[in-house]
Amino acid sequence: MIETPYYLIDKSKLIRNMEKIAHVREKSGAKALLALKCFATWSVFDLMRDYMDGTTSSSLFEVRLGREKFGKETHAYSVAYGDNEIDEVVLHADKIIFNSISQLERYAERAAGIARGLRLNPQVSSSSFDLADPARPFSRLGEWDVAKVERVMDRINGFMIHNNCENKNFDLFDCLLAQIEERFGSLLERADWVSLGGGIHFTGDDYPVDTFSARLRAFSDRYDVQVYLEPGEASITKSTTLEVTVLDTLYNGKNLAIVDSSIEAHMLDLLIYRETAKVSPNEGPHSYMICGKSCLAGDVFGEFRFADALKVGDRISFQDAAGYTMVKKNWFNGVKMPAIAIKELDGSVRTVREFTYADFEKSLS
Ligand SMILES: Cc1ncc(COP(=O)(O)O)c(C=O)c1O
Ligand SMILES: NCCCCNCC[C@H](N)C(=O)O
């Protein structure tokens, strides 16, 4: 029995996403790169590698992890590189995408041995969160002025455009892509490859994957480019749970249960975006507010329904716990960091990482 808290990655669920990705790759001709910023738990890369073309990154450490642990095609992107890291980034990457013309001009020569690209910002997005909106006013994420980009076309042969965010709606994707074509068509015609970024939830139930694939194929044919997708969430959605145990129950106008985890430390994105965790089936006569064990007053996973009254020692599984969780976990309050376990295809479960006091101590000095 594994001690809670732990993230449990279920390979049979992960494979469902992988199969959809492989289908889109085959139908559309697009390549799919795992966005490591969302999910970088390399113990399951052996499985993912068979279904995806490689990885994309946000930093030197991510591009190195992608090269060393995933292999295949490795893209480097960062909002800004420093003089002290650019050579090592180039060493690990097949392609490098610069966020700005000034970064391109500064490092084009040092990256001369690999393919170079530029991030474009179409100034429209599907994000309903200001925090995650690449098209927000004064956004630093990519270049938008076609005339300026035309002047550096001799130094690049591709583009990256990331302007979807949790977009489950194919029509919206289609409409945004049409706007990109209208605005940047003259640049796309001169490119060899175009990455359309992440944020497209094409592995979700009922997503029209064939229509999506046909749209990607048409885009690729029209501009004669290799299309890339950078799925983060879409790669790992619904594959993982965070397993926790009830440590205490209280009544304070509502039934409260405190668990051996913390939303701030272990599912931080939910707190940042003011969302609640998910519990399934979330049915029954007993309602509880499930709270984390950190000192933060708002360390609350959400309110859920249960078949029976909760008691100390009961287990709860938070659903959909892979994306932006393990990559963001932290040592706030010294709360024990969840272990990482994998449920294999034969049903057996193995722990691949445990964190101890020594890790906590080493994270500081
Ligand atoms: C450039 C880029 N690619 C891919 C992703 C992955 O997005 P998602 O996890 O929403 O698919 C992001 C998210 O920040 C991104 O900025
Ligand atoms: N579930 C709340 C919204 C999460 C948004 N994801 C943020 C990362 C994303 N890839 C981005 O574009 O910033």
Side-chain angles (χ1 to χ4, degrees), residues 17-18 20-21 24 30-41 48 52-59 62-63 66 73-81 93 95-100 103 117-122 124-136 139-143 158-169 172-173 176 180 193-204 207 212 227-240 263 267-278 301-302 318-328:
N17 299 329
M18 293 296 109
K20 285 190 192 167
I21 289 174
V24 168
K31 293 188 179 184
L33 306 176
L34 173 66
L36 294 174
K37 72 185 72 188
C38 171
F39 181 84
T41 309
M48 300 176 90
M52 301 186 77
D53 296 281
T55 57
T56 188
S57 55
S58 326
S59 63
E62 276 192 1
V63 73
E73 190 162 342
T74 308
H75 284 201
Y77 164 74
S78 172
V79 170
Y81 291 111
K95 286 188 176 65
I96 185 163
I97 297 146
F98 293 104
N99 183 62
S100 66
Q103 282 258 305
L118 190 62
R119 179 169 182 168
L120 296 179
N121 187 332
V124 285
S125 86
S126 74
S127 183
S128 45
F129 299 96
D130 175 57
L131 187 63
D133 183 0
R136 79 210 297 261
S139 174
R140 72 201 186 293
L141 302 174
E143 297 284 356
F159 296 106
M160 186 271 276
I161 301 163
H162 168 78
N163 68 335
N164 285 279
C165 178
E166 299 201 333
N167 186 358
K168 299 177 175 62
N169 179 339
L172 179 56
F173 166 79
L176 287 168
I180 288 169
W193 53 271
V194 176
S195 173
L196 297 176
I200 312 162
H201 281 206
F202 64 94
T203 56
Y207 195 86
F212 175 57
V227 171
Y228 288 87
L229 300 171
E230 302 180 0
E233 278 284 355
S235 304
I236 46 69
T237 185
K238 295 186 181 165
S239 66
T240 299
I263 192 166
M267 294 189 95
L268 181 60
D269 244 28
L270 295 178
L271 198 62
I272 290 175
Y273 291 101
R274 305 254 171 229
E275 294 182 327
T276 66
K278 292 176 205 138
F301 286 92
F318 294 119
Q319 304 296 306
D320 213 1
Y324 301 97
T325 53
M326 288 171 262
V327 291
K328 286 193 176 187

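Ligands are counted one by one from 1 in listed order, and the atoms in each one are counted from 1 as well.
Contact annotation: for His162 versus ligand 1, heavy atoms closer than 4.0 Å belong to the side chain alone. If you look at Glu166 next to ligand 1, there are no close heavy atoms at all, none under 4.0 Å.
Those atoms of ligand 2 that come under 4.0 Å of a heavy atom in Phe129, given as number and element, are 2 (C), 3 (C). Which parts of ligand 1 touch Glu230 is read off a 4.0 Å heavy-atom cut-off, strictly below it: atoms 1 (C), 2 (C), 3 (N), 4 (C), 6 (C). Each of the following atoms of ligand 1 lies closer than 4.0 Å to a heavy atom of Met160: 1 (C). Taking every non-hydrogen atom of Glu275 and a distance limit under 4.0 Å, the qualifying atoms of ligand 2 come out as 1 (N), 2 (C).
At under 3.5 Å, a nitrogen or oxygen of Lys37, whether backbone or side chain, sits near a nitrogen or oxygen of ligand 1. Taking any N or O of Gly232, backbone or side chain, at least one lies under 3.5 Å from an N or O belonging to ligand 1. Polar contact check, Gly199 against ligand 1: a nitrogen or oxygen pair lies under 3.5 Å apart. Residue Glu166 has at least one N or O atom closer than 3.5 Å to an N or O atom of ligand 2. Geometrically, ligand 1 and Tyr77 share no nitrogen or oxygen pair separated by less than 3.5 Å. Considering backbone and side-chain N/O atoms, His201 never comes within less than 3.5 Å of an N/O atom of ligand 1. In terms of N/O distances under 3.5 Å, ligand 2 is not approached by Lys37.
The distance from atom NZ of Lys37 to atom CD of Glu230, rounded to the nearest 0.5 Å, is 7.0 Å. To the nearest 0.5 Å, the span separating OG on Ser127 from CG on Asn164 amounts to 10.0 Å. Rounding to the nearest 0.5 Å gives a distance of 8.0 Å between CG of Leu118 and CG of Asn99. Here Tyr207 contributes atom OH and Asn169 contributes atom CG; the two are 7.5 Å apart, rounded to the nearest 0.5 Å. Here the straight-line distance linking atom CD1 of Ile97 with atom CZ of Phe159 works out to 11.5 Å at 0.5 Å rounding.
Residue His162 places a heavy atom under 4.0 Å from ligand 2. Every heavy atom of Phe39 sits 4.0 Å or more from the atoms of ligand 1.
In terms of protein heavy-atom proximity, atom 9 (C) of ligand 2 is nearest to Tyr324 OH, 3.8 Å. In this structure, the protein non-hydrogen atom closest to atom 9 (O) of ligand 1 is Tyr324 OH, 2.6 Å.
A side-chain donor-acceptor contact under 3.5 Å links Glu73 and Tyr228.
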Exercise. So Lys95 and Tyr77, side-chain contact (heavy atoms from CB on, under 4.5 Å) or not? Walk me through it.
Worked result: CA-CA 9 Å; Lys95 286 188 176 65; Tyr77 164 74; over 6 Å; no

